[in-house]
Amino acid sequence: MTSSVLLIFLCFLLFQPFHPISMAAPPATTKTNKPLILPLRTQKMASLSLPAPPSKLLFHHNVSLTVSLSVGSPPQNVSLVLDTGSELPWLLCGSKTLPAYRPRSSSSYSPIPCSSHTCRSQTRDLPIPASCDASRLCHVAISYADASSSEGTLASDLFSLGASRPLRTAFGCMASAYSSAAGDPAVAGMLGMNRGSLSFVSQTNTRRFSYCISDRDSSGILLLGHSALSFPPLNYTPLVKISLPLPYFDRVAYSVQLEGIRVGSVLLPIPKSVLVPDHTGAGQTMVDSGTQFTFLLGAAYDALKIEFLRQTKGVLTPLGEPSFVFQGAFDACFRVPERPPLPRLPEVVLLFQGAEVAVSGERLLYRAAGERRGGDGVWCLTFGNSDLVPLSAYVIGHHHQQNVWVEYDLENGRVGFAPVRCALASQKLGVVL
């Protein structure tokens, strides 16, 4: 999926480069400053072109949200996956066959020594502790829930978004990566946007950001800062915070409380205990722009699957192949005729405290590319079973955030949702998609 996106860039706060490296930065916007509006693309990823280690799972993301920025001196234009589910921004460095940032071509590039405060203290939120390499540089390794990974040297360089002045930003200069993002011909890495110390949000002191993803094409809007937009009215749900470190709870994720799931008019009989984190932290619900689909823990997934099959009996034809599991996590699949439009399906609503996210129509099913049964295509329910991945959490992916204005409000510790037509919202902002 590709499309041209014409956007008007607004003013961004002037950031001052700093030495030695410190992640403290002035706020990205103030009440008198206008927010920065950036292009956001829903981009289909190519097949993995890097060799997959035998221990890795088949599951991977094949559609991601991407944002463009420039890095280095002189600037190198790169496209990064926007990921609210991870922390460290990283770039693939020096690859001759894949899109990559070239550190040797940037006069402002600076590797970070392992003796620095940045390496010793500000890597504390990374899932894998930083270490020292043979050159006494800070070595970082990142792994994701989909079994992708990358590793390399923690470094800094000047990052610039839109019309903003460059900001010195710490990032991973990765020498190796196993990732769907690295296999795409246009994507050079990740822009980590969670609440960790080294995320792009924390380094720029961005206290609020939001986005809208169109369902009609690959266009979208990323807005950094406060929006003067009175439309749409947002419904907020508070972030869930647990102070004690627990082995399976991500304390820097955008974690909210899932309180129930409704299919059509039927509220699923899911015990509350299944929807809250247990004593190990497993079972949190994360809003994640870096994951394509939504994942539910086994008990909740089974309840959804049973009720969805019941309500679509006679409307959808089950695939009837127990061994077929799309992307290793989606086993509720159907045979759908090639030409007729999808039939009317029951809406699935995710219920939160104070807010909800409704999934309807074509967003409920996703076609398995290359799979045909006679004259039918194979389509699968876009809710996956976390237990098959395996994940120890509920994850709300970006496919179910289409035509939803999603706001991450760190000032007030909450996430906001509102159904909206992205094209209409962009017009309100003076932007043309």
Side-chain angles (χ1 to χ4, degrees), residues 12-28 36 67-83 86-95 99-142 150-162 164-177 181-182 187-206 224 252:
F12 193 55
L13 185 70
L14 299 180
F15 290 109
Q16 298 299 323
F18 55 91
H19 298 279
I21 294 168
S22 169
M23 294 305 107
L36 174 67
V67 62
S68 297
L69 64 155
S70 61
V71 180
S73 305
Q76 301 176 38
N77 295 325
V78 296
S79 183
L80 303 180
V81 173
L82 182 77
D83 189 6
S86 68
E87 176 180 356
L88 184 67
W90 64 263
L91 295 165
L92 192 60
C93 290
S95 172
Y101 156 79
R102 300 175 301 280
R104 292 183 180 180
S105 300
S106 173
S107 60
S108 50
Y109 171 79
S110 177
I112 295 176
C114 54
S115 59
S116 69
H117 172 75
T118 301
C119 186
R120 288 185 289 105
S121 300
Q122 292 186 274
T123 59
R124 62 184 180 273
D125 296 322
L126 296 180
I128 301 175
S131 60
C132 265
D133 65 15
S135 301
R136 306 299 296 172
L137 297 178
C138 191
H139 180 82
V140 289
I142 306 295
S150 60
E151 61 178 305
T153 300
L154 190 65
S156 75
D157 208 335
L158 301 178
F159 279 48
S160 181
L161 287 165
S164 69
R165 287 281 298 274
L167 167 71
R168 182 161 289 278
T169 303
F171 68 100
C173 190
M174 301 309 199
S176 64
V187 175
M190 293 271 186
L191 190 65
M193 297 284 284
N194 73 9
R195 298 182 297 117
S197 298
L198 288 179
S199 77
F200 190 76
V201 168
S202 297
Q203 293 193 58
T204 59
N205 200 18
T206 299
L224 299 177
V252 294

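Bear in mind that the values here come from a model prediction, so they are computed numbers and not experimental data.
The CD1 atom of Ile112 sits 4.0 Å away from atom CG of Leu154, with the distance rounded to the nearest 0.5 Å. The CE atom of Met190 lies 10.5 Å from the CG atom of Leu82; values are rounded to the nearest 0.5 Å. Atom CG of Asn194 sits about 8.0 Å away from atom CG of Asp83, to the nearest 0.5 Å. Put simply, OG1 on Thr169 and CG on Leu158 are 8.0 Å apart, with the number rounded to the nearest 0.5 Å. The distance from atom CE of Met174 to atom CG of Leu91, rounded to the nearest 0.5 Å, is 9.5 Å.
A search for side chain to side chain contact (heavy atoms under 4.5 Å, CB included) contacts involving Ser135 returns Asp133, Leu137, not counting sequence neighbours. Shown here are the side chain to side chain donor-acceptor pair (under 3.5 Å) partners of Arg124, two or more places apart in sequence or in another chain: Ser197. For Arg120, the side chain to side chain contact (heavy atoms under 4.5 Å, CB included) partners two or more places apart in sequence, or in a different chain, are His117. For the side chain to side chain donor-acceptor pair (under 3.5 Å) test, residues two or more places apart in sequence or in another chain that qualify with Ser73 are Ser108. With sequence neighbours excluded, the residues forming a side chain to side chain contact (heavy atoms under 4.5 Å, CB included) with Ser131 are His139, listed by chain and number. Under the side chain to side chain donor-acceptor pair (under 3.5 Å) criterion, Thr123 pairs with no residue at all, not counting sequence neighbours.
A donor-acceptor pair under 3.5 Å is absent between the side-chain atoms of Gln76 and the main chain of Val71, judged by distance alone.
Counting only heavy atoms from C-beta outward, the side chains of Leu161 and Phe200 approach each other to under 4.5 Å.
Closest of all the heavy-atom pairs between Cys173 and Ala155 is CB-CB, 4.4 Å. Here the closest heavy-atom approach between residue Leu88 and residue Ile142 is recorded as CD2-CD1, 4.0 Å. Heavy-atom minimum distance, Ser164 versus Ser160: O-OG, 2.9 Å. Heavy-atom minimum distance, Val201 versus Thr204: O-OG1, 3.4 Å. When all heavy atoms of Ser202 and Gly196 are compared, the pair lying nearest together is OG-O, 2.6 Å. The two residues Gln122 and Leu198 have their closest heavy-atom pair at O-CG, 3.2 Å.
Using the six-membered ring where Trp is involved, Tyr101 and Tyr109 have ring planes that are tilted, between 30° and 60° apart.
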Given side-chain hydrogen bond (donor to acceptor under 3.5 Å, both in side chains), test Thr118 with Ser116 step by step and report yes or no.
CA-CA 5 Å; Thr118 301; Ser116 69; 4.6 Å; no
Is there a side chain to side chain contact (heavy atoms under 4.5 Å, CB included) between Ser199 and Met193 once you walk through the steps?
CA-CA 5 Å; Ser199 77; Met193 297 284 284; 5.8 Å; no
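Cys pair Cys114 and Cys132 passes the test of SG atoms under 2.5 Å apart.
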